[in-house]
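What follows is a set of notes on a single structure, which appears directly below.
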Amino acid sequence: MLESSGEKKAVVDSIKHSIRVLNGIVLLIVYTLLFLIVRFLYLLLEYIPMPSIITILSIVAGLVVLGLYIANIASRNAIRTIDEYSNKLNILLTTTRNMREIAHSDLLLENIMESALKITGADAGSILLLENDRLVFRIVKGSQSSKLLGFSIQKSQGIAGWVLENKAIIRIDNARDDMRFDSEIDKITGYETRSIMSAPLRLSTGAIGVLQIINKKKGFFNLEDEELMSYFADQAAIAITKAKFSEDQKNYEIHLTNILVDTMDSLINDKRGHSKRVAKYCLLMARMINMSEEEKKRLYLACLLHDIGFLKLRINEIKSTEDYKDHSKYAYDILYPINFYSDIAPMVMYHHERYDGKGYPAGLKGEAIPMESRMIAIAEAFDSMMNRNSYRYIGKFFHKQATLPNYGFRNAIEELKKNAGTQFDPELVDLFTRNITESYVEGN
């Protein structure tokens with residue numbers, strides 16, 4: 001199978017060129033033979049009657065014209081067949097390339113089904129996936145297709161069951177004459193299945209389902225359709241498995257994050273809800289600077305887990321600011337080894353750095369501090385000032401002489417502005433203070 005549409009087009013163009021060259025050669029040979037025949041007849045003019053010569057020339061001319069006409073039709077048919085096959089290959093290559101980029105199962109199955117119908121010229125089709133030892137209709141195209149969505153059959157039932165069990169593609173010109181055909185599905189939809197081609201969605205570990213296409217609009221499914229669909233089904237199986245793994249991983253990530261946040265809230269009562277409020281304030285800033293959705297997602301996770309390092313500390317046993325400061329490095333140690341948290345680990349570790357370089361753990365300064373860390377620093381300080389019980393956890397409770405800032409929205413805003421350029425990024429402080437409102441805060 002060709003690796004790219006560019007290579008495929010080059011091969012198709014080469015074949016077309018070869019056909020045209022062959023036509024030219026045939027034409028040259030025909031005209032040469034015609035010339036030789038005329039020359040030969042000219043030499044025999046005195047021995048052959050003129051009517052006979054005219055008859056011979058007429059027959060030869062007729063055969064030449066007929067031969068050229070047939071050759072022209074044959075070459076045009078060949079080029080048309082090549083163009084049709086080229087279009088099918090183009091759909092196949094484009095679809096298999098795009099399948100790698102689709103992460104959502106529903107969109108992927110829709111894309112696979114639509115492409116299968118275009119490649120084969122079929123009227124209807126379905127994708128059945130093996131779930132809990134049954135084949136489930138996960139995507140259906142055709143008349144009354146909605147009646148089958150979510151419907152399941154035994155994994156050995158019908159033609160699909162045979163294909164799943166034998167892991168082999170099959171095409172049938174008259175489905176009702178095949179003993180494996182199950183007419184119950186047609187009874188449910190009211191759709192008449194005539195011709196059918198069914199391909200297993202195969203992996204090295206076994207088949208995960210069946211790709212089934214029904215009723216070719218012109219003629220019957222042929223060997224060309226079978227070869228294309230066999231390759232396509234194998235690629236589809238890989239893409240479906242990859243999408244499912246991605247969704248499972250995302251689901252696991254969400255549940256793990258919720259477990260960790262709930263654990264932090266239960267262990268540190270005074271900070272209950274703090275992480276989610278920090279995330280809310282950071283997303284406000286993220287929208288103002290037009291962060292991408294992927295960047296917002298990473299920022300949101302970093303906010304939720306920015307205090308995860310406290311799980312390695314016993315709050316009641318902290319004896320110094322140095323003990324307290326360890327929580328940011330502990331957070332990095334917890335998050336970095338986990339694949340879907342590794343990219344947010346630096347954001348979390350540096351959220352206590354100061355814009356003037358006097359923060360911890362690395363003493364980073366200015367824009368050397370990750371943008372997300374600078375945003376978390378502002379959001380965390382603001383929330384801590386708005387919720388006095390959690391303020392002591394930013395480290396000031398170790399200094400007995402230190403006094404808490406005045407409680408209240410306006411005073412918290414003034415405190416941020418006062419520390420802009422020293423503790424906080426001045427541009428982000430300006431952005432935050434101009435867009436945050438009391439109603440937004442009270443919406444927590």
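- A side-chain donor-acceptor contact under 3.5 Å links E353 to the backbone of L364.
- Partners of D106 by salt bridge (charged side-chain N to carboxylate O under 4.0 Å, His left out), not counting sequence neighbours: none found.
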Kindly list each side-chain donor-acceptor pair under 3.5 angstrom involving residues 330-340, sequence neighbours excluded, with atom names and distances?
none

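- The aromatic rings of H327 and F310 sit parallel, their planes meeting at an angle under 30°, below the 60° perpendicular limit.
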* **Intermediate values then yes/no, side-chain contact (heavy atoms from CB on, under 4.5 Å), D186 and R176** => CA-CA 11 Å; D186 278 9; R176 295 185 178 277; 3.0 Å; yes

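- In this structure, a donor-acceptor pair under 3.5 Å is absent between the side chains of R298 and S292.
- With hydrogens and angles disregarded, a donor-acceptor distance shorter than 3.5 Å links the side chain of N215 to the backbone of S195.
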* To do: Step by step, work out the salt bridge (charged side-chain N to carboxylate O under 4.0 Å, His left out) result for E165 and K155.
  => CA-CA 8 Å; E165 184 177 353; K155 67 175 183 178; over 6 Å; no

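- Proximity of a side-chain donor or acceptor of T422 to a complementary backbone N or O of N419 within less than 3.5 Å is detected.
- Using a distance-only test at 3.5 Å, with no hydrogens or angles considered, no donor-acceptor pair links the side chain of D178 to the main chain of A175.
- Counted by atom type alone, T120 and D225 present zero donor-acceptor pairs between their side chains at under 3.5 Å.
- Using a distance-only test at 3.5 Å, with no hydrogens or angles considered, no donor-acceptor pair links the side chain of D383 to the main chain of S275.
- Judged by distance alone, with hydrogens and angles left aside, the side-chain atoms of T241 form a donor-acceptor pair with the main-chain N or O of A237 at under 3.5 Å.
- Between K217 and D123 there is no salt bridge, since no side-chain nitrogen of the basic residue lies less than 4.0 Å from a carboxylate oxygen of the acidic one.
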Per-pair distances, 0.1 Å, donor-acceptor, side chain in residues 367-377, under 3.5 Å, sequence neighbours excluded:
| from | atom 1 | to | atom 2 | distance (Å) |
| --- | --- | --- | --- | --- |
| S373 | OG | M347 | O | 2.7 |
| R374 | NE | I369 | O | 2.9 |
| R374 | NH1 | D425 | OD2 | 2.6 |
| R374 | NH2 | I369 | O | 3.2 |

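- The residue from Y440, F382, F424 that alone fulfils the ring-ring contact (aromatic ring centres under 6.0 Å, His included) condition with F432 is F382.
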